Amino acid sequence: MPDNPYVPIPVRVQNVRVESDDRTLRTYDLVFADDAEPFEYLPGQFCQLSILGKGEAAFGIASSPTEREFLRFTVNRVGTVTTALHYLKEGEELGLRGPLGNHYPVEKFKGQNVVLVGGGFAFTTLRSLAAYLLANRSDYGDITVIYGARRPGLLLYRDELTEWEKRGDVAVHLTIDEPAAGWDKAVGFVPTVTGKVRPSPKDAWAVVCGPPVMIKYTMPVLLDLGFAPDRIYTSLERRMKCGVGKCGRCNIGPKYVCTDGPVFSYAELASLPEGV
Amino acid sequence: MSSSLRIAKPDLDQLVSALTSRYRLFGPVDVDGSTVLREVKSADELALGAALDGSVKAAFFPQTETLLTYDGTVSEAPSGRDKPTAVIGARPCDARSLLLLDKVFGTGKYWDPLWQRRHDDSLVIGLGCSAPLETCFCNLMGSGPFDAEGSDIMLTDIGDAFVAESCTDKGERFLKTAYKSQVQRPSQADLDKAGEARSKALASLAPAANYSGVKTALAKLWDSALWDEIALGCLSCGACAYLCPTCHCFDVQDETAPGTQQGRRVRIWDTCQSALFTKEASGHNPRPSAKDRIRQRVMHKFSYFVDNYGEAACVGCGRCIRLCPVDFDVRVVLERVIAEGRRTKDKERGTKKDVRHAG
Amino acid sequence: MLLKDKKADLVIGYERGSSKRRARPVVIRADKDVDRLIFDDTCGPSLVPFARKALRATPLGTRVAVVAKGCDGRALVQQIAEGQFKRDQVVMIGVGCNGVTDHRRGASGEKREASCERCRYPNPPVYDVFVGEPVAAGTGDEFAGVAEFEKLASADRWAWFEHELGKCIRCYACRNACPMCYCEECVVDQTNPLWLGKSAERPDTTLFHLVRALHTAGRCVDCGACERACPLGVRLALLNKRLEREVRERFGYTAGLSMEATPALATYSEEDKQEFML
C-alpha cells in the first residue's frame, strides 16, 4: 500500500497506436519510468491515468500481468483528460495510480470453462483476461470469446483477434451490428449472437463487459442458457475521483465501484438498489 | 486517573497559549453573527458561547486542500505531517463526527494520510453543550450534549469558569504539562454546577424519538414515490453537505497558472446534491434528477454508512436544518421514511425475475 | 377553493417549519390540506424556484398556484417576460408583505431584511386572487444604501467585498434560492472548459459572485432570497442593487413589473448609451 494513495507514479509512453477507424480510440503501452517501482496486478483491475494540469481518469488495464514488458490502456476520447491523453507521444511521461479495484476471479475459473462476452470499446479488461487465460492455457477448460462492435473498424485489437482465431484452443465469435463489405463473420447484436453460440453453462463462468444496454440484454440470454447469477461477472464504470474509496461518488448502493469493484457478479448487482 | 481543573474564564488565555505553542489551534470565531471555525492565536478571538455554524471537520479536512503541486512533474505532495492540529470548543456532536470520519479516511484498503495523520496527532478540546438548540438531535443519534466521545478534554461552562476534565490519556498528559503549577481544582460547588448544566441540557432536548427502524424502512423504499415528495422541499444546493460534520465527499481538480506548467492538484468539498457529482464525461448521469440525489444523501447517511461502518453518518448537530435556506428537516424525512416503510411490504430480491429486471 | 374549483392543480405556499421562527415551502394538492398554509414575516424563501420545479415535474397543462408576495410576484412576472413559462400556467395568489425577517437574527418580527427595508413593491404587480389587504409601499430612496456605500473610498469598498466574499463556502445556496438563477447549466458548473476554479478561495469565489451579479443585472427583483439563503451571512444583494440602479438609469427598465416589456439586456437600441466603448 502506497504511503500516499493520491500521488501518481511516473510512467512513460512506449508505444501509441490508433485503435479504431474513427480515430477516437488509441492504445497506449506504458512502461514504468526509471525511478518507479513496477507493481503486480490481475485482470480486471484499473488505474487512474494522470495528466498534471488536466486531471485524472480511470481506465481498465488491457494488458495481462503475464505481459511483463508493458501496461496497456485503450483510451476513448470524450473529455478533458482523455483528450490530453490523445496528444501524448511516444517517450512522453504521464502519471499513474494503481493498480486499483478488485479483479476477475481467475482462481475460481481454474479447471473450468470461461465465456467472455464483450461489446465495443469495453473490451479492454476482457483482453487482459483473455491474454491471461491463454498464457496459462493448461489451467483452464474451454475458452469462448464473443465480441461485437458497430462495424469492423471499431473492434479493438484486431490483429490479436485474428491470431486467436488461428490458435484453435479458443473459440472466437466476432460480430458487427450491420452487414459491411468484406465482412464474412456474424452480423447482429452481441446478445443475439450469444444466444446463437449457446455456450454451455456446465462448469462454466461468464464475464460480460460492454455498454449498459448490451449488458442489459445479454444477462437474460445467459440466465436462460442456465448460467447462475453468481457465475456471471461484469465490470462497472462510474465517475471517479480518488479511486481509493474516500471521495464518495462511485457508489452503487453501499458498494464503491473503485474499491469493492469494478468487478461484480450479477448476483451481487441484483442485490444492490442501483445495480447495472 | 482523569483529572479535573477549574479554569477561570479570564485565565483561558493560559490554556490557549499552551495550545498554540504546540498546535495549530482552531476554534469558533464570530464573523458578523455567524460562528465559524478559524485558526486562532488568542483566547479573546474565541466565541465559545454560540453554536458553531461551520463544522469542526474543516480543521482536519479543509474545504480546499492541496494533494500535490507540480511543474511539469510532481514537485511536492503534502504528507499531513504538519504542525499538529488542536481544536478548542468542539461540541460533542462535532467531536464524535471526527471518529466517524476516521472510519472513512483511516480504514479500508487505503488510508488517507492527510486526514489521518492530522487527526491522530491532534488534541480535541470539547465543550459541553449547556443550551442545545431546537434543531439539535444528538440524543436521537446515540449521543448527548456532554458526550466525551471524540474529545481529549471536555470543558463545562459553569458561569465564571470552565471545569476541564481529561477524557483520554492524551488529554490527561496535556493538562498535566500545560498546568504544571497553579493548578486550580474545582470545588464541590463547581462540580455541582457542572452537573446541573448537564442535567438541564439533557432535559431541554426533545424526547427521544426512535430512529432504529430507519435502515429497515429504507431497504424497502428504493422505488418509493416518497423521494419525489421529499425532493420537492429541497433546493439541491450544497449548504447542508458543506456544514455537515460527517459529509466527506470531495472533488479533485487541477489548477494551473495560465501560460505555465505550474499548478496544484486540489481536493475540494463536493456535494452529492449537485448534478455534476456523478455526471460522466460521456454525458451519462446515473443520478440525473433531484430525487435520485436526495435519496443518495439519505441512503448514504442512514443505510450505506451503517452497512460499511456500523453506524449512521449523522451526529444530530442539526446544522442541515438550522442553516438550510428552506428549512428542509432531516428529522421529518426520517419520520416519513419510518411511516412509509411500515406501509410498504418487503420486496423480495434475488429471485430470477428480479435479476432480469435489475438489468 | 382554487383546488376545489379546479382552477389550480396544486398550490405552492408556506407552512410552519422546524420552529415558530421558520416557514418552509410546501406543495398542497388537496383542499383538506389548505389549512397548513401560513403567511407571515417568517416566509422568507422565494417560492419561485419551487414553482419552476413543480411545473417541470408535472404534465403540460398543469396549473400551479403560487403564494406571491411582492418580490416573488415580480420574479414570476420577470420569468414570464423572459419566456420561461406562460401566464396561464401559474395562478398567482397575491399577498401584501410587510417584510420578512431572518430566523437566525432573532425572534420573528425583530428585524427586517435589508432588501425588505428598501422594498418599494410589497404587493405583486400581477395576481389572480389577492388574500388580505395590500400593504402600503415604502417611500424614500431605495438606492440610499448604494449611495452610502459609494461614498466609501475605493480601497474600503474592496475591503468590504473581500470580507464578505471571504465568508463564502461555494455551496450555491444563493444561486439555487434565487428566483432568477434558472440556467439549466450554470457557467460555474461547467468543467469542459473549466471557466473558473472550484475552490472556496478568494479569486474563485469572487469571480463566481461577479458572474452571478452580472447575469442577474436588470433581472434581479431584490427579493433578498440570496442573502437569506446564505448559511454564513454573505451580504450579496448590495451589488445587485447597484446594478439594478445602473440598468434603470441607462435603460429606464425595472425588472418584474411588466410581462410584455422586453427585458433591458435582451434588447438593443441605437439610442443606448455607448460611452464605455472605445
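Reminder, nothing fancy here: chain letters follow the sequence lines and each chain counts from 1. Given the structure is predicted, the values throughout are model-derived calculations rather than measurements.
Only the backbone of B:Thr107 comes within contact range of chain A, judged by heavy atoms closer than 4.5 Å. Looking at B:Gln296, only its side chain comes within 4.5 Å of chain A, counting heavy atoms on both sides. Proximity to chain B (any heavy atom under 4.5 Å) is shown, for A:Leu100, by both the backbone and the side chain. Only the side chain of B:His300 comes within contact range of chain A, judged by heavy atoms closer than 4.5 Å. With a 4.5 angstrom heavy-atom cutoff, A:Asn251 touches chain B via backbone and side-chain atoms both. No part of B:Arg264 comes within reach of chain A, as not one of its non-hydrogen atoms sits under 4.5 angstrom from that chain. Heavy atoms of A:Leu94 lying under 4.5 Å from chain B are absent altogether. Using a 4.5 Å cut-off between heavy atoms, B:Gln253 contacts chain A through its side chain alone, with no backbone atom that close. If you measure heavy-atom distances from A:Tyr217 to chain B, you find no contacts under 4.5 Å at all.
Residues of residues 269-278 of chain B that come within less than 4.5 angstrom of chain A, heavy atom to heavy atom, are B:Asp270, B:Leu276, B:Phe277, B:Thr278 in numerical order.
Of all non-hydrogen atoms in B:Asn308 and A:Pro254, the two that sit nearest each other are ND2-O, 2.9 Å. A:Val78 and B:Ala281 make their closest contact through CG2-CB, 3.8 Å (heavy atoms, listed as atom of the first residue, atom of the second, distance). Between A:Gly53 and B:Tyr70, the shortest heavy-atom distance links the atoms CA-OH, 3.2 Å. Nearest heavy-atom pair across B:Glu280 and A:Glu237 is OE2-O, 4.0 Å.
Surrounding CZ of A:Phe189 are at most 12 heavy atoms belonging to other residues, nucleotides or ligands under 6.0 Å away. The neighbour count for B:Lys301 NZ, taken as heavy atoms of other residues, nucleotides or ligands under 6.0 Å away, is above 12. For B:Phe305, the CZ atom sits in a packed shell: over 12 heavy atoms of surrounding residues, nucleotides or ligands are nearer than 6.0 Å. Open room surrounds NZ on B:Lys279; 12 or fewer heavy atoms of other groups in view lie less than 6.0 Å from it. Around atom CD of A:Glu268, more than 12 heavy atoms belonging to other residues, nucleotides or ligands sit under 6.0 Å away. When the shell of 6.0 Å around CZ of B:Arg336 is examined, it contains more than 12 heavy atoms from other residues, nucleotides or ligands.
Atoms NZ and OG1, from A:Lys54 and B:Thr256 in turn, are 7.5 Å apart once rounded to the nearest 0.5 Å.
Per-residue counts of heavy-atom pairs under 4.5 Å with chain A were compared for B:Arg117, B:Gln261, B:Glu255; the largest is that of B:Arg117. Taking chain B as the reference chain and counting heavy-atom pairs below 4.5 Å, the highest number among A:Lys241, A:Lys246, A:Lys255 is found for A:Lys246. Annotation: maximal heavy-atom pairing with chain A below 4.5 Å, among B:Pro286, B:Ala77, B:Ser303, occurs at B:Pro286.
Looking at residues two or more places apart in sequence or on another chain, you find a side chain to side chain contact (heavy atoms under 4.5 Å, CB included) between B:Val74 and A:Pro8, A:Leu52, B:Leu68.
Looking at B:Trp111, its side chain does come within 3.5 Å of a backbone N or O of A:Asp3 through a donor-acceptor pair. Looking at B:Lys109, its side chain never comes within 3.5 Å of a backbone N or O of A:Val244 through a donor-acceptor pair. A:Arg249 contributes a side-chain N or O that, together with a main-chain N or O of B:Phe250, makes up a donor-acceptor pair within less than 3.5 Å. For B:Asp254 (side chain) and A:Gly55 (main-chain N/O), a donor-acceptor pair under 3.5 Å exists by modelled atom type.
Using a 4.5 Å heavy-atom cutoff, the side chains of A:Ser50 and B:Arg265 are in contact.
For B:Asp112 and A:Tyr6, the side-chain atoms include at least one donor-acceptor pair closer than 3.5 Å.
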